[in-house]
Amino acid sequence: MSGFAGMQDLETLAREQVRLAALTPDAWRPGAHIVVGAAFVAFARGEQGPGRAGDHAVIGAAATRDTTPLNSVVVDGRAGARYKPGYLAAREGAMLETALRALMDEPVELDVVLVDATGRDHPRRAGLALHIGAVLDLPTIGVTHRPLLATGPEPPDEIGGFSELVLDGEVVGRWLRVRQGVRPLAVHAAWRTDAAVASETVLGLTTVARTPEPLRFARMAAREARAQKAR
DNA sequence: GCGACAG
DNA sequence: ATCTTGTCGC
């Protein structure tokens with residue numbers, strides 16, 4: 001049974017988010033080398049806006065040892081709901097869980113998982129990145145183009161330059177510059193991670209692109225499979 | 001009441 | 001999320 005069973009209902013999800021936000025799991029500390037998992041949901045091309053429940057998607061999940069690719073899987077999925085800010089888990093939660101569990105069936109033990117979503121930067125302090133970590137019982141880090149509710153100043157324009165993303169007085173993430181002259185990433189504290197650990201980990205996983213390698217591989221796998229499917 | 005608002 | 005051409009740079 002899915003950890004996101006029933007979460008397509010917004011009221012049910014909101015209650016679960018409040019419950020998760022109050023939990024205090026042990027902090028995760030990355031070792032010298034880490035095995036990283038990541039997943040990306042690619043919806044069918046052509047559709048724009050919030051979409052609707054049942055939308056078809058291809059989900060790619062990839063694992064890396066530090067920055068080196070280990071393996072990847074692809075699964076098909078259906079959106080649990082239309083997109084609504086604060087309720088991304090209703091739309092993508094179950095799909096991400098399915099893909100990441102498929103990845104975990106492989107003989108690799110994940111240390112941490114990256115997802116395109118916020119964590120504590122959320123109306124109920126439990127965005128999808130935090131939620132998926134609780135469900136999978138794995139530390140998680142969120143990576144997005146912009147914050148959901150948190151705000152912070154422009155980070156210094158140098159590799160590693162960062163500023164704090166603050167929500168209601170709480171540091172929930174960081175604006176992180178992974179490449180000079182390129183707009184920063186919003187990195188989110190999520191399940192068992194704080195802003196500093198999340199930020200430093202993401203910086204260490206970024207090499208040739210703005211997007212950290214595990215997420216880049218997951219996205220590539222998803223889009224490639226989507227293209228195949230369209231033939 | 002109106003707009004903002006992860007993907 | 002997805003839609004989009006050319007263009008600057010290595």
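A, B, ... follow the sequence lines: proteins, then strands. Residue 1 opens every chain.
The number of heavy atoms from other shown groups lying within 6.0 Å of CZ (A/Phe162) does not exceed 12. More than 12 heavy atoms of other residues, nucleotides or ligands shown are found within 6.0 angstrom of CE on A/Met104. Within a 6.0 Å radius of CD in A/Glu170, other residues, nucleotides and ligands contribute more than 12 heavy atoms. Counted within 6.0 Å of CG on A/Asp105, heavy atoms from surrounding residues, nucleotides or ligands total more than 12; the atom is thus considered enclosed.
Checking A/Glu213 against A/Thr207 by side-chain atom types alone, a donor-acceptor pair falls below 3.5 Å. For A/Ser2 and A/Glu97, the side-chain atoms include at least one donor-acceptor pair closer than 3.5 Å. Judged by distance alone, the side chains of A/Asp9 and A/Thr12 do bring a donor and an acceptor atom under 3.5 Å apart.
Nearest heavy-atom pair, A/Ala57 versus A/Phe43, reported as atom, atom and distance to 0.1 Å: CB-CD2, 3.7 Å. Considering every non-hydrogen atom in both A/Ala62 and A/Ala218, the closest pair reads CB-N, 3.7 Å.
Once rounded to the nearest 0.5 Å, the distance linking OG of A/Ser163 with CZ of A/Arg177 reads 8.5 Å.
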Checklist line | Pairing annotation in dot-bracket form, given for DNA chain B with Watson-Crick or G-U pairs under 3.5 Å and | for cross-strand partners | finding: .......
Next item on the list: Treat a base pair as Watson-Crick or G-U wobble with both distances under 3.5 Å, then lay out DNA chain C in dot-bracket form, 5' to 3', with | for cross-strand pairs.
Entry: ..........
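Panel note: side chain A/Thr140, backbone A/Val113; no donor-acceptor pair is recorded below 3.5 Å. A donor-acceptor pair under 3.5 Å is absent between the side-chain atoms of A/Asp157 and the main chain of A/Gln180, judged by distance alone. Using modelled atom types, one side-chain atom of A/Asp121 and one backbone atom of A/Leu149 make a donor-acceptor pair closer than 3.5 Å. A donor-acceptor pair under 3.5 Å is absent between the side-chain atoms of A/Arg52 and the main chain of A/Arg82, judged by distance alone.
As judged by a 4.0 angstrom heavy-atom cut-off over every strand, A/Pro123 is placed among residues making no nucleic acid contact. As judged by a 4.0 angstrom heavy-atom cut-off over every strand, A/Thr118 is placed among the base-contacting residues. Among the protein residues, A/Leu149 comes within range of no part of the nucleic acid, since none of its heavy atoms lies under 4.0 Å from any strand. Using a 4.0 Å heavy-atom distance criterion, A/His122 is classed as a base contact. Residue contacts shown for A/Ala42 are limited to sugar-phosphate atoms, with no base heavy atom under 4.0 Å away. In this structure, A/Gly49 reaches the bases: a heavy-atom distance under 4.0 Å links it to at least one base atom across the strands shown.
First and last contacts of DNA chain C with chain A, using any nucleotide atom under 4.0 Å from a protein heavy atom and ordered 5' to 3', fall at C/dA1 to C/dC3. Counting 5' to 3', DNA chain B first comes under 4.0 angstrom of a heavy atom of chain A and last does so at the ends given by B/dC5 to B/dG7.
A/Lys229 and A/Asp76 are joined by a salt bridge, as a carboxylate oxygen and a charged side-chain nitrogen come within less than 4.0 angstrom of each other.
Cation-pi geometry between A/Arg124 and A/Tyr87 is satisfied (NZ or CZ under 6.0 Å from the ring centre, within 45° of the ring normal).
Residues from residues 192-216 of chain A that place a heavy atom under 4.0 Å from any atom of DNA chain B: there are none. Remark: A/Tyr83, A/Pro85, A/Gly86, A/Tyr87 in residues 77-87 of chain A come within less than 4.0 Å of DNA chain B through at least one heavy atom.
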